[in-house]
Amino acid sequence: MLWVDKYRPKTLDKVLVHDDVAQNLKKLVTEQDCPHLLFYGPPGSGKKTLIMALLRQMFGPGAEKVKVENKNWKVDAGSRTIELELTTLSSTHHVELNPSDAGFQDRYIVQEIIKEMAKNRPIDTKGKKGFKVLVLNEVDKLSREAQHSLRRTMEKYSASCRLILCCNSSSKVTEAVRSRCLNMRINAPKEDQIVKVLEFIGKKEGLQLPPGFAARIAEKSGRSLRRAILSFETCRVQQYPFTNNQVISPMDWEEYISEIASDIMKEQSPKRLFQVRGKLYELLVNCIPPEVVLKRLLYELLKKLDSELKHEVCHWAAYYEHRMRLGQKAIFHIEAFVAKFMSIYKGFLIATFG
Amino acid sequence: MAPLLQSSQPWVEKYRPRRVKDVAHQDEVVRVLTNTLETTNCPHMLFYGPPGTGKTTTALAIAHQLYGPELYKSRVLELNASDDRGINVVRTKIKNFAAVAVGSGQQGGYPCPPYKIIILDEADSMTEDAQASSLPFSDHLVVNSNALRRTMETYSKVTRFFFVCNYISRIIEPLASRCAKFRFKPLSEDIMSTRIVHICKEEGLNLDSEALSTLSSISQGDLRRAITFLQGAARLFGSSISSKDLISVSGVIPHEVVQALLAACKSGSFDSANKEINNAIAEGYPASQVLSQLFDMIVESDDFSDEQKARICRKLGESDKCLVDGADEYLQLLDACSSMMKAFCNMPEGYSNDI
Ligand SMILES: Nc1ncnc2c1ncn2[C@@H]1O[C@H](COP(=O)(O)OP(=O)(O)OP(=O)(O)O)[C@@H](O)[C@H]1O
Ligand SMILES: Nc1ncnc2c1ncn2[C@@H]1O[C@H](COP(=O)(O)OP(=O)(O)OP(=O)(O)O)[C@@H](O)[C@H]1O
Ligand SMILES: [Mg+2]
Ligand SMILES: [Mg+2]
């Protein structure tokens, strides 16, 4: 088992960070009438961990006995039948799913499947709670229609069902859905908190950490706890005993983007654009989300640019990322950004050096 | 099936008014509907306004008061965004529902008027075509064929529509023009307070006057939100709730955070602004909320010229729109702040789109 899973705290009392939130959650579920909850915060900040511990707090160890199923549904949509497939994770008390996986058909998942689940009383009526819980992940990726479809369901069946919604950016969750939840902000742990977790794991694994080693990993994690634990484990595999000057290697894809940034700073030409296209495709094929690619590229460029160019380059990054949302093929927009950058940068070079 | 525990409902549902006259702040519609209860006359209705102002509550309340629990199921059809509302579905469901004739006359002490009610809640999320497909039922004039017309005429006599939505602009004109329209206003702080005091009494909570006014102001006229905040705070902090407790459950961003961001922008250093933005994102503050608090600070500040303010506000508006389209929070904040910095230095606006 990976360390990220092995050392995921199981109960609200055992968490190493967010203990304030954990204590609050405990109080929140002392009564039967807890409102719907929306957890939001950056990737790897600990949302999932808190939600799982919360379920355990509500339902006891039974909440951990989950089965994973690949379910198929046939939905009657007027003139045609739509087939949907979705993975669910469920115990006798709760069901967890990722409705946005259904892509542009996500609204049917909400209208047919989630509504049905919410309507039915809990399977286990003898249980401590009179309701069951539906955990919906990545609600920020749900289409507008799908989000609208949640609204009445959240009100109508609230006696028999509680929703726990989870996402990264709450700006992408509609006002009407947010208004129906108690919002729980889960911030990214600070570096010293990450160090604490790493030292805890190091102790459990019986490892010697040179002074400042955990701090270096934490610094490179961009405040993502998951990322810090993963790179800690990678270091362990690469070289143990640890040494103080041991390299904490960046992710492959990050190095790759750093190369792209150097490429386009060095030469601005159609030929170079074509070469870069191959690299961008490579990243996308390996499932690096396009907005992550664009943001990382911007990050690398900003490191190298003069102050006066930074404004313009960040503007175009925002511009093309927005267009990417509205459009369909991400590659067009990333490439447009690269071309735009080349043009601005070349103009700058000519103006400065002639 | 075990009986539903009343106590297992969140407070927003527990305190949903069951009678029209208990709906707060929406006097006009309450007056009209109270009249309906006496005369049983009722036009088609269109309720519009922001979330948590009582639209769904009012529509459900009048329907319940007209028919009572016995007849409710057979007389009222509620279709909301959680139902599939493609054109065919709407047409078929409404037709089947309207086709079964109803008797008239009082029953069990309820007025029971001789028509059925169709509530199309969250109607602005229906496609225009689907909206149009409910038209023939509300008005026979749109139908040309004579035979069909007769059926339609009967339908229009025996059905009343309640359209409910947030944005009236998304309702097609032919529907809107056939309805009596009521705008549901955001609840005023006074009315909101009255309602909250009532709940506090029922739940045995203590709210000082500062906490009360904080709650009213952070909920921005959305009573559902206020009740949810109140319940959250009650569970977390016990029965004595302070203004600070309420702010901590509300997701409002601490003033210092936005202040620091604004200061970084004023300093003119791109890198420090970038750092503050990265921090705001890592803290999980919603970008839309950051923009809205920045907006308030800029508008109220004496440090900027009108022209600077105008430039900045326009940009904040554009970024907000991009966020609604699903654009990345970090990039939009960065772009907005970069524009702000340029406005502070009176540097020219905009960039050329030429390659
Ligand atoms: N409170 C905590 N105490 C100690 N370790 C934690 C805590 N929360 C999370 N972790 C560790 O960090 C890892 C990542 O956390 P988690 O999966 O909960 O993040 P997340 O917020 O759901 O991320 P994402 O948005 O990317 O899904 C966990 O696998 C766990 O090992
Ligand atoms: N005018 C009001 N008077 C009394 N209670 C209200 C009022 N408005 C809202 N509430 C409270 O807020 C809750 C939600 O109200 P309601 O469902 O009517 O909102 P809505 O206007 O339909 O919002 P949305 O547009 O999000 O559907 C109700 O259960 C009730 O507790
Ligand atoms: Mg997760
Ligand atoms: Mg409503």
Side-chain angles (χ1 to χ4, degrees), chain A residues 24 27-28 30-36 40-42 45 77-79 110-111 115 121 125 130-131 145 148-153 155 158-160 169-172 175-176 179-183 185-188 223 291 295 302 307 310-312 314-318 321-322 325-326 339-340 343, chain B residues 1-2 4-5 7-14 50-52 56 80-84 86-89 121-122 125 166 222 224-225 228-229 231-232 235-236 249-251 270 274 281-289 322-323 325-332 334-335 338-339 341-342 351 355:
Chain A
N24 282 346
K27 292 188 214 150
L28 210 56
T30 47
E31 306 279 332
Q32 293 280 314
D33 54 6
C34 155
H36 303 298
Y40 63 96
S45 60
S79 51
V110 178
Q111 289 173 348
K115 191 168 72 173
R121 299 288 314 283
T125 39
F131 57 80
E145 290 87 57
H148 284 309
S149 305
L150 270 179
R151 294 164 57 177
R152 248 332 252 161
T153 299
E155 298 178 332
S158 65
S160 58
S169 21
S170 66
S171 291
K172 293 182 193 172
E175 185 103 27
S179 150
R180 283 161 170 78
C181 303
L182 190 60
N183 294 5
R185 180 172 59 89
I186 310 303
N187 65 359
R223 287 177 69 180
E291 71 279 7
K295 277 198 283 185
L302 288 180
S307 183
K310 286 181 183 174
H311 289 283
E312 185 163 7
C314 89
H315 167 75
W316 291 112
E321 196 273 341
H322 175 228
R325 286 288 152 191
L326 304 177
K340 186 77 194 170
S343 145
Chain B
M1 199 191 261
L4 282 181
L5 291 170
S7 66
S8 76
Q9 287 194 322
W11 290 2
V12 268
E13 286 306 320
K14 189 169 166 191
T56 303
N80 54 65
S82 75
D83 304 300
D84 183 2
I87 318 168
N88 292 328
V89 181
D121 202 350
E122 295 149 8
S125 67
N166 293 127
D222 177 341
R224 170 171 37 225
R225 249 203 189 140
T228 307
F229 292 160
Q231 190 187 5
R235 289 290 170 266
L236 300 186
V249 296
S250 71
F270 184 93
N274 192 7
I281 297 284
E283 287 299 320
Y285 295 123
S288 51
Q289 178 75 25
C322 291
L323 286 175
D325 288 339
D328 185 80
E329 298 194 292
Y330 165 76
L331 291 175
Q332 289 306 319
L334 190 62
D335 185 29
S338 153
S339 287
M341 294 166 78
K342 290 180 65 189
Y351 299 101
I355 292 248

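Every chain is numbered from 1 and lettered A, B, ... according to where its sequence line falls, protein lines coming before strand lines.
In terms of heavy-atom proximity, C314(A) sits nearest to L334(B) at CB-CD2, 3.7 Å. The nearest pair of heavy atoms linking A318(A) to Q332(B) is O-NE2, 3.6 Å. A pairwise comparison of heavy atoms in D83(B) and Q111(A) identifies O-NE2, 3.2 Å as the closest pair. Of all the heavy atoms in G284(B) and Y40(A), the pair that sits closest is O-CE1, 3.0 Å. Between A176(A) and P51(B), the shortest heavy-atom distance links the atoms CA-CG, 4.3 Å. In terms of heavy atoms, S179(A) sits closest to D222(B) at OG-OD2, 3.0 Å.
The candidate from A317(A), P35(A), G41(A) with the greatest count of non-hydrogen atom pairs under 4.5 Å with chain B is P35(A). With chain B as the partner, the residue from S171(A), S169(A), A188(A) showing the most heavy-atom pairs under 4.5 Å is S171(A). In terms of heavy-atom pairs under 4.5 angstrom with chain B, the leader among H311(A), E145(A), K310(A) is H311(A). Per-residue heavy-atom pair counts under 4.5 Å with chain B were compared for C181(A), S170(A), S307(A), and the maximum is reached by S170(A). Interface summary for chain A: among A327(B), S339(B), A81(B), S82(B), the most heavy-atom pairs under 4.5 angstrom belong to S82(B). By number of non-hydrogen pairs under 4.5 angstrom with chain A, the leading residue of G326(B), S125(B), P50(B) is G326(B). Heavy-atom pairs under 4.5 Å with chain B peak, among K295(A), H36(A), E291(A), at K295(A). Among the candidates V249(B), D328(B), N80(B), the residue making the largest number of heavy-atom pairs closer than 4.5 Å to chain A is D328(B).
If you measure heavy-atom distances from Y351(B) to chain A, the contacts under 4.5 Å come from both the backbone and the side chain. Residue L150(A): no heavy atom, backbone or side chain, is found under 4.5 Å from chain B. Proximity to chain B (any heavy atom under 4.5 Å) is shown, for N24(A), by both the backbone and the side chain. Heavy atoms closer than 4.5 Å to chain A are found in both the backbone and the side chain of Y285(B). Interface residue D121(B): only side-chain heavy atoms are found under 4.5 Å from chain A. For a residue to count as touching a neighbouring chain, one of its non-hydrogen atoms must lie under 4.5 Å from one of that chain's; by this rule R151(A) touches chain B with backbone and side chain alike. Neither the backbone nor the side chain of S250(B) comes within contact range of chain A; no heavy atoms are under 4.5 Å apart.
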For salt bridge (charged side-chain N to carboxylate O under 4.0 Å, His left out), just list the numbers for K14(B) and D33(A), CA-CA rounded to whole Å, side-chain angles, deciding distance to a tenth of an Å, and then say yes or no.
CA-CA 9 Å; K14(B) 189 169 166 191; D33(A) 54 6; 5.2 Å; no
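We find the CH2-CG distance between W316(A) and D335(B) to be 9.5 Å, quoted to the nearest 0.5 Å. In this structure, the separation between CZ on F229(B) and CG on L182(A) is 8.0 Å, given to the nearest 0.5 Å. With rounding to the nearest 0.5 angstrom, the OH atom of Y330(B) is 12.0 Å from the CD atom of E321(A).
When H322(A), R325(A), K172(A) are each tested for a side chain to side chain donor-acceptor pair (under 3.5 Å) with D325(B), only one passes: H322(A).
Looking at heavy atoms from C-beta onward, K342(B) lies out of side-chain contact with E312(A) at the 4.5 angstrom threshold.
Side-chain contact of Q9(B) with S158(A): a donor-acceptor pair under 3.5 Å is absent, judged by distance alone.
Electrostatic pairing of R152(A) and E122(B) does not count as a salt bridge here, judged by no charged N lying under 4.0 Å from a carboxylate O. Using a 4.0 Å cut-off between charged side-chain N and carboxylate O, E13(B) and R180(A) make no salt bridge. Salt bridge status for E283(B) with R223(A): present, with a side-chain N to carboxylate O gap under 4.0 Å. Residues E175(A) and R225(B) are paired through a salt bridge, judged by an N-O separation under 4.0 Å between the basic side chain and the carboxylate.
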